Structure formats: C-alpha cells, structure tokens
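Since the structure comes first, as structure tokens, the remarks are kept for the end.
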Protein chains: 2
Amino acid sequence: MMNPLDVTRSMMDGLGADGDTCVKCGSRSLGLCAPLDAATLDDMATDSERVSLEARAPIFHQGDEARYVYTLTDGTARLMRVLPDGRQAAIGFRFSGDILGFTPSEEHAFGAEMLTDGMVCRMERRRLEQLFRRYPLLERRFLDLCSRELAQSQEHIMALGRFTAEERVAAFLLSLVDAQRRRGHKGPVFDLPATRADIGEFLGLTLETVSRAISVFRRRNLICLHGHSGIEMLNEGALIALGTGEGQDAA
Amino acid sequence: MMNPLDVTRSMMDGLGADGDTCVKCGSRSLGLCAPLDAATLDDMATDSERVSLEARAPIFHQGDEARYVYTLTDGTARLMRVLPDGRQAAIGFRFSGDILGFTPSEEHAFGAEMLTDGMVCRMERRRLEQLFRRYPLLERRFLDLCSRELAQSQEHIMALGRFTAEERVAAFLLSLVDAQRRRGHKGPVFDLPATRADIGEFLGLTLETVSRAISVFRRRNLICLHGHSGIEMLNEGALIALGTGEGQDAA
DNA sequence: CGCTCTTTTGACAGCATTCAAGCAGAGTGG
DNA sequence: CCACTCTGCTTGAATGCTGTCAAAAGAGCG
C-alpha cells in the first residue's frame, strides 16, 4: 500500500487541475487540500486501497454496482459505453490524478479500462457519502467536478456533431497535449497513450480515417511522430485553428 | 408575478421527474418539497421572478455572465453551442419543469432559447448559493441533477458517434415521447415542438436527412404525422429497437 | 384565397467507411 | 546479430451514407 491520501487529493483536485507536486503526498498535487483542514484529510485517508493494473485491464464494467470511487494515480484510462448490439464508443479519457466512477446512481453507466499499465486508488463510495455529510465543502468540490465533466462532454458533442474527421483528430491531439501540460509536462514531444483504434472509438471514426488524418498532419508538417507513442507538435497554431472550429479560413 | 416557488419546486424536481400537480403551487410538481420543510421553502420563494418568452427568443447567450438560474415553467427550449466560425449545434432540449443555466462557473458555456412560446422563472445564482450553504440537502439535489445531465450527454455522444441517421431520429423521437409521458401525457399522439432543422442541429444531421428518416418511418407505419406538430406512435417497439442500438436484427 | 414557412423528394457530389494489401517497429529466439 | 512474428500503422480502391442544391407540395394564417 502506498499513499491512501491519493484518493483524497485527487478528489480535491478534480479533472486536470494544475498542480505542483505535494511533498507530503509524494505524487502530483494540489494546493487543494487547502479548503480542508488536517483532521479532515486524516479522516479521508482511511478505507482507501491501491490496485495495480495492466494495460487493457478493466477497472470496472458498465452496469457494475457503483461500490467504489477510484482515483487514477498512474497511467491513462478510457471510459467506454457499449450498446446492446455490441457497438461501443469511448466517451472520455482519464489521466493520472483524475477521478473515475463517481456517480450518485446505483450502478456505473459506463465502464473504465486502462490504456497503459498503471495504478488506481479506490475508496468505498458509501464512505465518501459519509464524508459528504461531515464535510460539506467536499460535496461542493464534486459538484464543480461534475459540471466540468459536463462541459467536456458538450465539447465532445460539438466535435462529433459538427467536426470533420481532421478537425476531430486535431481536437483530440490538443486535448492530449493540454492534459499533459496541466500535469507539468514540458517540451514539444508528447505521449500518445492510445492506438489509432482507441482514438477512432473516441472520435466516432474508423482507425483508418484517424490514420489518414494523422498522415495529412504529418505531410503538412504540423506534427512529427517519434515511434508509435511519441508525437511532436511542430505547428500547434494550425492544429488549434483546426481543432477549435475556426473553419476553413485557418492558418 | 405568478408563483416564485416554481424555481424551488423545479430545483427539487430536477430533469424530467415524474410528478403530480401540486395544488398549492399551481403547476406541475413534485413530492420533492418533501426533503425540505416549510420554512426552507418560504425562504426560497424570495427573489425569484417570472418572465414570459416567445418562440425563438433567447433565454441567455453562450458567454453571458451566469447571473441567474432558470426554471422552464412552460414551453420547450433548447441549449445551443456555437463555434468560432459560426457552426452551431443543439446540445439538448429542455421541457417544462427543467432547470436551465445552473453552473458553478462564471459564465454560461452554452446558450438557451425557446422553441415554443413559454415562460421561465429565474432566481439569482448568488441567492441559490446562499441557500446551498443554509440547506445542504439542496446542494445534494443539484449534484444528482448534474450527474443525470452527464448521463444524458453520454447517451447523446453514443448516438452521434455510433448511430446511423435513422437510429438517431428514432432515439430523438423516443426521448420526446419519454419526456412527455413523464409530464403526465396520455395517449399515442405527441407534440413535436421542433422543426426538422432544429432536430437536425441536435442530431448532427441536415434537415433533409431528418425528413427522409421520418418519411421512412412513416412508410413503414411506425409513426403517423398529424399536421406539423403532432406525431402518433404506431409501432413503438420497432422504434425502440432502432433507437436504443439493438442493431440490424431488430423487429 | 394567397402568402409564407416548413416539409418532402430527387439528383448528384463528397467524405468517411469498408475491404484489402503492404509496411514498420518491438520483442523473441536461434 | 539476424531472421521471424506479432501487432499496429499506412495506403489504395471502391462502396455507401449523408450532405448539397434545387424544386415542388403541404400546412398554417390572415
């Protein structure tokens, strides 16, 4: 067992918060303990448990009883939804520090699985709800978190409904870059923790279409690939123009 | 000024709750005042204001300061998001009793406009936040609400990413039917408060494609139109098979 | 009845998918 | 160190769904 406070910290942190590293806690962090006092934090450190997972391992399945709330402490995961006939779509990516599987309903509306090797820290959801009652500030944090996820979903809806294939891929690459920068990444080379098929399942495209879009970007010298999992941003402005819906008249 | 309690009631109610009519309040309602006592309700009745709106009138714009929280007390509205180049998409529909424009952030991430003539009841968002502090139960309600919206968004993401045009239109019709049933509607003829263009902007399709899908349903005797704004469900099972992702092998 | 807005339908074009083949990088074992 | 293999990526050609453009029909309203 490493540090059970990770759950707490990430909950305070929320999606993609910008953070320094917290000496006491050991991994990426916050300034988010701030709203809570030490006693509260100690209180929350109980009943959480770390689990190590391999790439492609499920964290929880769609339809599972929502017994635990998870913090992704290391690695990248994706949220999946499946249809009765087997078609499936990724509805989001989650990175180190993000919260997974928090829902007020009885069961998980979607599944979560690792894309890379990694680690999660889980806490009983009942325990979390007890904490809500004791520390109202905590509940407020979760409301913010939920509404930020909602905003993300709406961006995604815009992309799926109105973007061309190239625009969607550009938007996805930018969101990856953003997530890594928020986690302290420096320099122009980023990690690409998803296969073309993974990306396609997120963007509502086939893997071939994703590949073609990336090839186009490469030919235009907007990006440069370093092996299968490294991507260098050569012309971020042009990608932004594509990926934020600025239309044809872009750089 | 009619009944300012409407804001309160709807907040308690949330999205598409199933309700009887509350005698005291005059319009559709709840059993949701239940978790709060009379003093709380009186408290919330202050500082809310009713506004009457015509079809196509904006309720608030994307980017506006999020000063008010609204309850749609009568009519149908849609939530819109626009891209820098002018492309726009509807990200949701809202019906009588639903809440609009609640967000913890400083400005509205999307706009809202009426589809029909109707009425909203608005309350200062600062006032609401004061009430959160005083009545923690209220905040809990909003968290539930937010997470229900999130689930809706995810359904929509699946539809946009994986459904064909016909499946999307079927899913949309079913969601309309569901919303009206939850509000006490009886019988097989439902109201269609949106033009083909409105539906297309929600489903990521053109108005012609929506029209063709509806024509196909008509030819298969799944539905029957009554003028421009009435739709009768003749074979709901077949529409469900289409609109819930049961694939080709459906009835 | 005549106006206008919405819907329907048709013909054609275009973008993404499908199917198929070849390529490249990483790991394995001789 | 070099095949060998596996997996993921790239590219090509053809199909098909949806978009685009255009015209006609229908519904609602004064």
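Because the structure is predicted, anything quoted here is derived from the model rather than measured. Side chains are part of it too, since the values below use all heavy atoms of this structure and drop only hydrogens, waters and symmetry mates. Residue numbering restarts at 1 for every chain, and letters A, B, ... go by the order of the sequence lines.
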Anything under 4.0 Å to a heavy atom of chain B counts; send over the first and last such nucleotide of DNA chain C, read 5' to 3'. dT7(C) to dA11(C)
Counting any heavy atom closer than 4.0 Å, what does G200(B) reach on the DNA or RNA strands: base, sugar-phosphate only, or nothing? nothing
Answer whether the closest heavy-atom distance between the side chains of L72(B) and M114(B) falls below 4.5 Å. yes
Rounding to 10°, can you tell me the angle the first-five-pair axis of the helix from dC1(C)-dG30(D) to dG30(C)-dC1(D) makes with its last-five-pair axis? 30°
Going by the salt bridge (charged side-chain N to carboxylate O under 4.0 Å, His left out) test, which pairs reach into residues 220-240 of chain A, not counting sequence neighbours? E166(A)-R220(A), R181(A)-E236(A)
Using a cut-off of under 3.5 Å, enumerate the N/O to N/O pairs linking the protein to nucleotides 7-11 of chain D.
| unit_1 | atom_1 | unit_2 | atom_2 | d |
| --- | --- | --- | --- | --- |
| dC9(D) | OP2 | R196(A) | N | 3.1 |
| dT10(D) | OP1 | R196(A) | NH2 | 3.4 |
| dT10(D) | OP2 | R196(A) | NE | 2.8 |
| dT10(D) | OP2 | R196(A) | NH2 | 3.3 |
| dT10(D) | OP2 | S211(A) | OG | 2.8 |
| dT10(D) | O5' | S211(A) | OG | 3.4 |
| dT11(D) | OP2 | S215(A) | OG | 2.6 |
| dT11(D) | OP2 | R219(A) | NH2 | 3.3 |

Suppose we screen for salt bridge (Lys or Arg N to Asp or Glu O under 4.0 Å). Which residues come up paired with R56(A), at least two apart in sequence or across chains? D198(A)
Students often get this wrong, so: under 4.0 angstrom with heavy atoms, is G230(B) touching a base, only sugar-phosphate, or nothing? nothing
Kindly state each residue pair satisfying ring-ring contact (aromatic ring centres under 6.0 Å, His included) with at least one member in residues 158-200 of chain B, sequence neighbours excluded. F93(B)-F172(B), F172(B)-F202(B), H185(B)-F190(B)
One thing to verify: whether R183(A) and D191(A) come together as a salt bridge, which I'm taking to mean a side-chain N less than 4.0 angstrom from a carboxylate O. no
Kindly indicate whether the side chain of F217(B), heavy atoms from C-beta on, has any atom under 4.5 Å from the side chain of V169(B). yes
Assess the residue pair T103(B) and V69(B) against the criterion (side-chain contact (heavy atoms from CB on, under 4.5 Å)); give the C-alpha distance rounded to whole Å, side-chain angles, the decisive distance to 0.1 Å, and a yes or no. CA-CA 8 Å; T103(B) 165; V69(B) 176; over 6 Å; no
Geometric cation-pi criterion R122(A) and Y68(A), 6.0 Å radius, 45° cone: yes
Side-chain (D64(A)) to main-chain (H108(A)) donor-acceptor, under 3.5 angstrom: no
Strictly distance-based, threshold 3.5 Å: is any side-chain N or O of S215(B) a donor or acceptor partner for the main-chain N or O of S211(B)? yes
